[in-house]
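Each remark here refers to the structure printed beneath this line.
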Amino acid sequence: MRKILISSMIGNALEWYDFVLYVQFSSIISSLFFPSDNAFTSLLATFGVFAVGFVMRPIGGIIFGIIGDKFGRKSALVFSILMMAIPTAFIGFLPTYEQIGIIAPIALTIIRLLQGIALGGGFSGCMTFIVEHADSKQRGLVGSTSMFSLGAGVLLGILVSLGVSKFLSPDNFITWGWRLPFIVSLAIGMVAFYIKNNISESPIYLKAKEHGSLSKTPVH
């Protein structure tokens with residue numbers, strides 16, 4: 001149970017770390033991907049794309065809820081972690097508007113859509129996964145660790161962003177340094193593979209599958 005709890009919390013925290021990085025570097029992203037004569041307009045477009053991720057969260061919850069009911073809680077959790085980690089790392093390598101034109105903000109928007117879907121499935125998937133492993137007398141406490149790891153992930157994103165900005169010179173930070181925290185998110189993939197290879201499936205799901213009582217229409 002300890003292994004399940006720790007690995008799930010790390011995966012959830014790192015997903016929120018990825019999600020919050022965008023807003024931490026919003027001023028740089030606005031100038032590189034949404035250039036305009038009016039800085040406020042650029043920043044508004046940047047936050048508009050940030051908001052898109054939240055709009056997609058309910059859709060992600062539905063998609064990964066179906067995956068979790070049909071293919072297992074572990075499969076849904078692993079897929080959501082990878083779906084967050086890989087697109088986030090792409091932001092670290094994404095060419096700017098100056099380099100590829102309108103394709104740059106379009107690609108960034110698509111990445112935010114994928115991040116929103118992944119987070120919508122990952123957060124609820126993490127909570128379901130650990131609660132279904134827990135003893136019936138500890139499910140409230142165990143489930144609360146999902147909220148704790150959420151806050152930890154947001155805090156980690158803030159601290160890493162601050163650390164990079166303080167460690168590098170202003171020129172290096174604006175030129176390439178801001179990309180580093182996004183690229184580091186590839187490490188989340190390691191957490192996903194660890195869960196896939198070392199953590200057992202939800203016993204409640206396995207029991208339902210064994211008795212043929214899995215829902216035919218999970219959305220309902």
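Only heavy atoms go into these numbers, but all of them, side chains included; no hydrogens, no water, no symmetry mates.
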Are F71 and F79 close enough, and set up right, to give a ring-ring contact (aromatic ring centres under 6.0 Å, His included), and what steps lead you there?
CA-CA 11 Å; F71 304 104; F79 185 33; over 10 Å; no
Suppose the criterion is side-chain hydrogen bond (donor to acceptor under 3.5 Å, both in side chains): which pairs have a residue in residues 40-51, not counting sequence neighbours?
none
How long is the span from the CE atom in M127 to the OG atom in S146, to the nearest 0.5 Å?
4.0 Å
I would like to know whether S124 and F64 meet side chain to side chain contact (heavy atoms under 4.5 Å, CB included); could you show each step before the answer?
CA-CA 9 Å; S124 56; F64 282 95; 5.9 Å; no
Can you find a heavy atom in the side chain of I174 that is under 4.5 Å from one in the side chain of W178?
no
Tell me, with the steps shown, if L155 and V20 meet side chain to side chain contact (heavy atoms under 4.5 Å, CB included).
CA-CA 9 Å; L155 179 61; V20 80; over 6 Å; no
About how many Å separate OH of Y17 and OG of S185, when rounded to the nearest 0.5 Å?
7.0 Å
Check whether any side-chain heavy atom of Y205 sits under 4.5 Å from a side-chain heavy atom of D69, and report yes or no.
no
Got a second to check how far S75's OG is from F129's CZ, nearest 0.5 Å?
9.5 Å
Can you get from F167 to W176 by hopping between Ile, Leu, Val, Met, Phe, Trp and Tyr side chains that sit under 4.5 Å apart?
yes
Can you name the nearest heavy-atom pair linking S80 to G122, along with the distance?
OG-CA, 3.3 Å
Evaluate the side-chain proximity of Y22 to D18: yes if any heavy-atom separation is below 4.5 Å, no if none is.
no
Compare every heavy atom of F33 with every heavy atom of T96, then report the nearest pair and how far apart it is.
CA-CE2, 4.0 Å
So how far is it from I130 CD1 to N12 CG, rounded to the nearest 0.5 Å?
8.0 Å
Knowing that exactly one of I10, I6, I4, L5 qualifies, which makes a side-chain contact (heavy atoms from CB on, under 4.5 Å) with S8?
I4
R139 and I204: which non-hydrogen atoms are nearest, and at how many Å?
NH2-CD1, 3.8 Å
Taken to the nearest 0.5 Å, the spacing of F25 CZ from L32 CG works out to 12.0 Å
Taking every heavy atom of L162 against every heavy atom of S165, the minimum-distance pair comes out as O-OG, 2.7 Å
Does any part of the side chain of L77, heavy atoms only, come nearer than 4.5 Å to the side chain of T128, both counted from C-beta?
no
Do F34 and V49 come close enough that some side-chain heavy atom pair is under 4.5 Å?
yes
With sequence neighbours excluded, tell me which residues meet side chain to side chain donor-acceptor pair (under 3.5 Å) with S7.
none
If every non-hydrogen atom of V164 is compared with every non-hydrogen atom of G177, which pair is closest and at what distance?
CG1-O, 3.4 Å
Decide yes or no for H133 and P203: does some side-chain heavy atom of the first lie under 4.5 Å from some side-chain heavy atom of the second?
yes
In terms of heavy-atom contacts, L94 and A104 come closest through CD2-O, 3.8 Å
Find out if a path of hydrophobic residues (ILVMFWY) with successive side-chain heavy-atom gaps under 4.5 Å connects V52 to I111.
no
When rounded to the nearest 0.5 Å, the distance separating OG of S161 from CG of L180 is 11.0 Å
Membership question, hydrophobic clusters at under 4.5 Å side-chain separation (ILVMFWY): are F123 and I67 in the same one?
no
Surrounding CZ of F50 (heavy atoms of other residues, nucleotides or ligands, distance under 6.0 Å), is the total greater than 12?
yes
State plainly whether one hydrophobic cluster holds both W16 and M9, where clusters connect Ile, Leu, Val, Met, Phe, Trp and Tyr through side-chain heavy atoms under 4.5 angstrom apart.
yes
Using modelled atom types and a 3.5 Å cut-off, is there a donor and acceptor pairing between side-chain atoms of R57 and backbone atoms of G116?
no
Is the number of heavy atoms from other residues, nucleotides or ligands within 6.0 Å of CZ (F54) greater than 12?
yes
Passing candidate, side-chain contact (heavy atoms from CB on, under 4.5 Å) with T88, options M83, Q115, R112
Q115
Output yes when a side-chain donor or acceptor of S26 lies under 3.5 Å from a complementary backbone atom of V23, and no otherwise.
yes
F47, L108: one ILVMFWY side-chain cluster at the under-4.5 Å cut-off?
yes
